[in-house]
Chemist: 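Dropping a structure here in structure tokens format, bear with me for questions.
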Amino acid sequence: MLIKVEQFFMRVNRILGKILTVVLLLMTLNVFFDVIMRYTFHNSSVGMQEMEWHLFSILILFGVSVALLDEGHVRVDFLYDRYSEKRKAIINIIGTLLFLLPLALLILFGSFGFVTDAYQIGEISEDPGGLPFRWLIKAMIPVAFLVLIFSSVGYTVKNINILRRENRSQLTIDNEVGK
Amino acid sequence: MIGIVMFFAALAMLTIGYPVAFTFGSVSIFFGIFAAIIELAPNLAFVPVAEEFFQMFSMMPFRIYSIMNNTILMAIPLFIFMGIILQKSELAERLLEAMGTLFGKVRGGVAVSTVLVGALLAASTGVVGASVVAMGVISLPVMLKYGYSKKLATGTICAAGTLGQIIPPSIVLIILGDVFQQPVGDLFQAAFAPGLILVALYIIYILIWAFLNKEVAPPLPPHEGTRAGNIKRAVFAIIPPLTLIVLVLGSIFAGIATPTESASVGSVGAVVLAGMYRKLSWRIVDEAALETVKITAMVFAILIGATAFSMVFVYSGADYIVEETLTNLPGQKWTFLFLSMLAILVLGFFIDFIEISYIVVPILLPIAEAIGLNPLWFAILIAMNLQTSFLTPPFGFSLFYLKGVCPPEVSTVDLYRGVIPFIAIQILVLASIIFFPTFYGFSQ
Amino acid sequence: KKVRWKLAMTWSSTLTPLASPAPKLAKMVEEMTGGNFTIRVEGAEKHKAALGILDMVNGGQYEMGHSAAYYWKGKDITSVFFTTIPFGMTAAEQGSWLYYGDGMALQQKTFDKFNIYSFPGGNTGVQMGGWFRKEINSLEDLKGLKMRIPGLAGEVFAKLGVNVTNIAPGELYTALDRGTIDALEWVGPGMDIKMGFHKVAPYYYAGWHEPASDMQFLINKKEFDKLPVEYQTVLKTAMQAVSADMYFDNFNMSAEAWAQIKEEFPNIKVKIFPKEVLQAMKKATDEVMEGYAAENADFKEVYESQKAYMAKAREWTKMSTQYYLQTSEMVSE
Ligand code: NA
Ligand code: NA
């Protein structure tokens, strides 16, 4: 059952990763295109230039979740490396509950006002030809941290599975030794 | 005081091994509550403390939003993407190998090549995260493959990647220009010589160390075939990445692109080059992009965690303690220089260079003026010092960034040990600028 | 009664003269209240949200802010009038409109919806039209010109075929130096000299787009209303004092900086845009302003008020200042 749940989270994560892959490629082309347009055709649109950091924002905000489930985040590991798989899993479960979740929840709930202010006032870019709907890009902050909370559930499940696997093999070893 | 306690708490928590970014964030939460209690003491009730605390953290979305629309940071994913494409298409490996074979039997050739490539990359970006990670993906696998010691390999990459901070363009220099009220162009010019000396000393150190220790940086195995053939192969391997470097640097100098935008020229160029050398496939682009996404997010997560950390650090009034301590620095030239450099180096453990620039430097400036120090010279000293703070364990950001792209067999301790000689070189150069300013073109 | 406030500035703490009024205000208020009312001033380097000032004062993270109203153009286009508009009033004219005309009332009406009291926070006077790498002799020269120029002026220039470009401030110098952009506008000699633009672009054009940029103090309404009346008066008095002070501070800095630039870089040419170009700018400005006025009643109201006031005030400016300058010109060699 929990294995199925883990697989579900991993699948969602792969899809999210695919989407962000496309976002990165779009961003790269976006910046390149703007350079070419400005230099060769003396014609650049502020809207296109703002699109660059909109794509960048999506990339960095949602990437945090993808990196979490794929173990992409950096650790100080001189002790961690020497721990058993079981101990690592316990650290990850406790860390997620005590470290990650509170931070994500704080930012999630702290950013509602930030978004609704922009929405109510109908905030747009302050530059000529810039993009409208500032609330939309601002809303990516709570959405991304909601996704991070979702992913952290997946990460916890993943580590619970590791823990159970370790316990089971420990049990087998004990039994064999017992024989 | 809380600030100091907070530093050691973060240190202790980090050693547990949970990801750095979230550990920083949660230590900040804990101390944020603490700071809120102290702020309101002795009238403690749950509601006002909670309000005070939430008020503090309601700043987070604004800070995250500032990171989001800081377009200079776009250089990070763009350079990383370029680096990974070069690595996956084996163009980077062939470049470093070719440069390495040119050294023949001399040991340390690949590391020297890495420093040279790092210097070139430094000339096109001022964002440390971008250059360290790009150098990490490009040259770490090659050095490990040829049996370089993990310490030498990672130390070289950290130091070479951090060169971007002193070799113009550079964010540190731009910010110092603002604080010192000096034209950025002048600072860029003044930083040039110290940057080159650093590169030279890195190379000399690597060659000497490799000569003394046979096993740390073995020479590349000799290739079959004639020497002429080897040179031809080398030229063939060097041309594509060289074209790319010309493209990136050239687009800045020709006024086609800003330094940040030039990274996109590099990315697109890398893909095209890989195609020309028949090394391109959709799978490579796809994998490179996904890796870029994860590494960029890793860097960004650290930035978020660090921003929460420094927010609480400042909020708890630690910056005022720093201010008070430094305002009383003595007015004799040498004591002042020594103590101010030491203070910045130590503070580099706690807070990021932006905060140091704005909190510490304005306090030092009037004293420096009173003594009659050349502001450009003093600014470069501080820039060198801040650059060093990227390398100093345990909180040096370059170390975290590089760790993020290391294979699992490289541990944090390897990195910590690896950078020490390079930090020593940094301090040496710093001292030489202090004692021989005219050598670097500063008037006294 | 002890009151402790925090004030966030849009600028970093070292960006004089824009960063000067707030710390001076804090010092004045503290001294005038015998240390009972303190204001802690934080620059952009601390809160790291230069353009989040309005939101943060509104949301109560800071009781006060120091910024410029036209940064809120994307939230409410009407806010531009409380900084400056192209071909608008001079500092003296605008100050009179604000303090003795309808200005303050209209400004408050605009910021009521943000839960904020807004007060003038210092004026830069005429801002320069910007640094250009090449001379502008005709409208044709503007076509495709790559320029960093934000806000309303950018809108006007875009209409004239200028290629309006966004560049991060940190990369502006390199971009102008290398010709990635052909021109940019910043403030005036006092602040421009620190950016070093005079080293890479020889033409310095006279202003047209920001004749009198007013800075802005923002105060959270709830917090201000909570203050004892005497503190409110202290605060208002101090705000007016530091506002006047900033005008002279900036004037002095610009005079000093220009003297220095002129001596070190005698080849820099100060130019006025050709008449043809200026007429086209004026026409485009009117179109832009009429366009906003047609779809936004609040905008129209302030626009009409400024136009009416300016018509009256300009007569007097001509008779007094302009004629005096001509007079003294006649007797100088
Ligand atoms: Na650089
Ligand atoms: Na301006």
Side-chain angles (χ1 to χ4, degrees), chain A residues 17-18 20-25 27-32 34-35 38-39 49-50 52-53 56-57 59-68 70 72-81 83 88 91-92 94-96 98-100 102-103 106-107 109-111 113-115 137-138 140-142, chain B residues 13-23 25-26 28-29 54 57-58 60-62 64-65 67-71 73-74 77-78 81 251 255-257 260-265 267-268 285-286 289-290 292-298 300-302 304-305 308 394 400-401 403-404 411-413:
Chain A
K18 275 272 182 260
L20 294 184
T21 302
V22 175
V23 170
L24 170 78
L25 296 177
M27 186 195 90
T28 310
L29 291 176
N30 190 169
V31 180
F32 186 69
D34 288 346
V35 170
R38 187 184 58 225
Y39 187 72
Q49 290 174 51
E50 290 189 351
E52 295 174 5
W53 67 259
F56 172 67
S57 302
L59 174 71
I60 56 179
L61 284 170
F62 290 92
V64 176
S65 299
V66 177
L68 177 69
D70 282 354
H73 289 293
V74 182
R75 307 168 187 266
V76 173
D77 56 3
F78 53 84
L79 292 179
Y80 185 83
D81 267 352
Y83 293 155
K88 283 181 185 168
I91 286 178
N92 285 331
I94 295 177
T96 305
L98 289 184
F99 291 0
L100 203 168
L103 182 70
L106 260 180
I107 296 176
F109 287 106
S111 57
F114 183 67
V115 179
I137 190 66
K138 290 185 173 180
M140 289 304 122
I141 299 177
Chain B
M13 296 292 220
L14 280 178
T15 53
I16 296 176
Y18 196 67
V20 171
F22 309 123
T23 309
S26 57
S28 320
I29 293 177
F54 281 115
F57 269 86
S58 59
M60 279 304 286
F62 294 99
I64 294 174
Y65 190 62
I67 297 176
M68 284 159 62
N69 59 29
N70 181 351
T71 51
L73 295 179
M74 280 192 313
L78 291 172
F81 185 58
S251 66
I256 297 171
T260 305
E261 292 167 340
S262 77
S264 79
V265 178
S267 284
V268 174
V285 175
D286 192 43
L290 185 61
T292 307
V293 167
K294 283 188 240 169
I295 298 169
T296 307
M298 175 270 290
F300 173 69
I302 293 181
I304 293 186
F400 289 142
Y401 296 153
K403 183 69 187 40
S411 87
T412 313
V413 178

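Order of the sequence lines sets the chain letters (A, B, ...), proteins ahead of strands, with each chain counted from 1.
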Chemist: Do you know which of Leu106(A), Val22(A), Leu29(A), Val23(A) has the most heavy-atom pairs with chain B at a distance under 4.5 angstrom?
Modeler: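 Answer, by heavy-atom pair count under 4.5 Å with chain B: Leu106(A).
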
Chemist: For the residue pair Val265(B) and Glu261(B), establish whether any side-chain heavy-atom pair is separated by less than 4.5 Å.
Modeler: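 Val265(B) does not reach Glu261(B) side chain to side chain.
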
Chemist: Between Gly63(A), Gly95(A), Ala67(A), Gly72(A), who has the most heavy-atom pairs with chain B when the cutoff is under 4.5 Å?
Modeler: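 Counting heavy-atom pairs under 4.5 Å, the top option is Gly95(A).
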
Chemist: Select, from Ala297(B), Ser28(B), Ser262(B), the one with the greatest count of heavy-atom pairs under 4.5 Å involving chain A.
Modeler: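 Winner by heavy-atom pair count: Ala297(B).
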
Chemist: Heavy-atom distance under 4.5 Å to chain B: side chain of Leu25(A), backbone, both or neither?
Modeler: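 Answer is side chain: those atoms of Leu25(A) sit under 4.5 Å from chain B.
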
Chemist: Sort out for me which of Leu103(A), Leu79(A), Leu98(A), Val115(A) touches chain B most, counting heavy-atom pairs under 4.5 Å.
Modeler: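 Ranked by contacts with chain B, first place is Leu103(A).
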
Chemist: Which atom pair, heavy atoms only, marks the closest approach of Met27(A) to Met74(B)?
Modeler: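 Shortest heavy-atom separation between Met27(A) and Met74(B) comes out as CE-O, 4.3 Å.
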
Chemist: By a 4.5 Å heavy-atom criterion (distance strictly below it), what part of Thr15(B) contacts chain A: side chain, backbone, both, or neither?
Modeler: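 Both backbone and side chain.
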
Chemist: When only pairs under 4.5 Å are counted, which of Leu73(B), Ile64(B), Leu14(B), Val268(B) shares the most heavy-atom pairs with chain A?
Modeler: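 The option with the most such pairs is Val268(B).
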
Chemist: Can you tell me which portion of Ile91(A) sits under 4.5 Å from chain B's heavy atoms? Options are side chain, backbone, both or neither.
Modeler: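 The answer is both parts of Ile91(A).
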
Chemist: State, without any angle test, whether Tyr18(B) and Thr96(A) hold a side-chain donor-acceptor pair at a distance under 3.5 Å.
Modeler: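 Per modelled atom types, Tyr18(B) and Thr96(A) side chains form a pair under 3.5 Å.
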
Chemist: Using the side-chain contact (heavy atoms from CB on, under 4.5 Å) rule, take Met60(B) and Ile304(B) through it: C-alpha gap first, then chi angles, then the decisive distance, then the call.
Modeler: CA-CA 8 Å; Met60(B) 279 304 286; Ile304(B) 293 186; 3.8 Å; yes

Chemist: Output the option from Asp286(B), Thr296(B), Thr292(B) having the highest count of non-hydrogen pairs under 4.5 Å with chain A.
Modeler: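 Ranked by heavy-atom pairs under 4.5 Å with chain A, first place is Asp286(B).
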
Chemist: Taking the side chain as C-beta and beyond, is there a heavy-atom pair between Asn69(B) and Glu50(A) under 4.5 Å?
Modeler: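 No, their side chains stay 4.5 Å or more apart.
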
Chemist: Taking every non-hydrogen pair under 4.5 Å, which of Phe62(A), Phe99(A), Tyr39(A) racks up the most with chain B?
Modeler: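 Going by pairs under 4.5 Å, I would pick Phe99(A).
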
Chemist: Between Pro19(B) and Arg75(A), what is the shortest heavy-atom contact and its length?
Modeler: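 Taking Pro19(B) first and Arg75(A) second, the nearest heavy atoms are CD-NH1, 3.4 Å.
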
Chemist: Can you tell which part of Ile256(B) gets under 4.5 Å to a heavy atom of chain A, answering side chain, backbone, both or neither?
Modeler: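 Ile256(B) touches chain A through backbone and side-chain heavy atoms alike.
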
Chemist: I need the minimum non-hydrogen distance between Arg38(A) and Ala257(B), along with the two atoms involved.
Modeler: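 Reported closest heavy-atom pair: NH2-CA, 3.8 Å.
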
Chemist: What are the two closest heavy atoms between Ile137(A) and Met68(B), and how far apart are they?
Modeler: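 So the minimum-distance heavy-atom pair works out to O-CE, 3.7 Å.
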
Chemist: Tell me, out of Gly404(B), Pro77(B), Ser58(B), who's got the most heavy-atom pairs with chain A below 4.5 Å.
Modeler: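 Result: the option with the highest number of such pairs is Pro77(B).
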
Chemist: Sort Phe81(B) into side chain, backbone, both or neither according to what part of it lies under 4.5 angstrom from a heavy atom of chain A.
Modeler: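 Answer is side chain: those atoms of Phe81(B) sit under 4.5 Å from chain A.
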
Chemist: Contact part of Ser65(A) toward chain B, heavy-atom cut-off under 4.5 Å: side chain, backbone, both or neither?
Modeler: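 Neither the backbone nor the side chain of Ser65(A) comes within 4.5 Å of chain B.
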
Chemist: When you compare the side chain of Val66(A) with that of Leu20(A), does any pair of heavy atoms fall below 4.5 Å?
Modeler: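 Yes, close enough: below the 4.5 Å cut-off.
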
Chemist: Pick from Phe109(A), Tyr80(A), Phe56(A), Tyr83(A): which one has the most heavy-atom pairs with chain B under 4.5 Å?
Modeler: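 Greatest number of close heavy-atom pairs with chain B: Phe56(A).
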
Chemist: Give the minimum heavy-atom separation between Leu78(B) and Ser267(B), together with the two atoms involved.
Modeler: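 Scanning both residues completely, I find the closest heavy atoms to be O-OG, 2.8 Å.
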
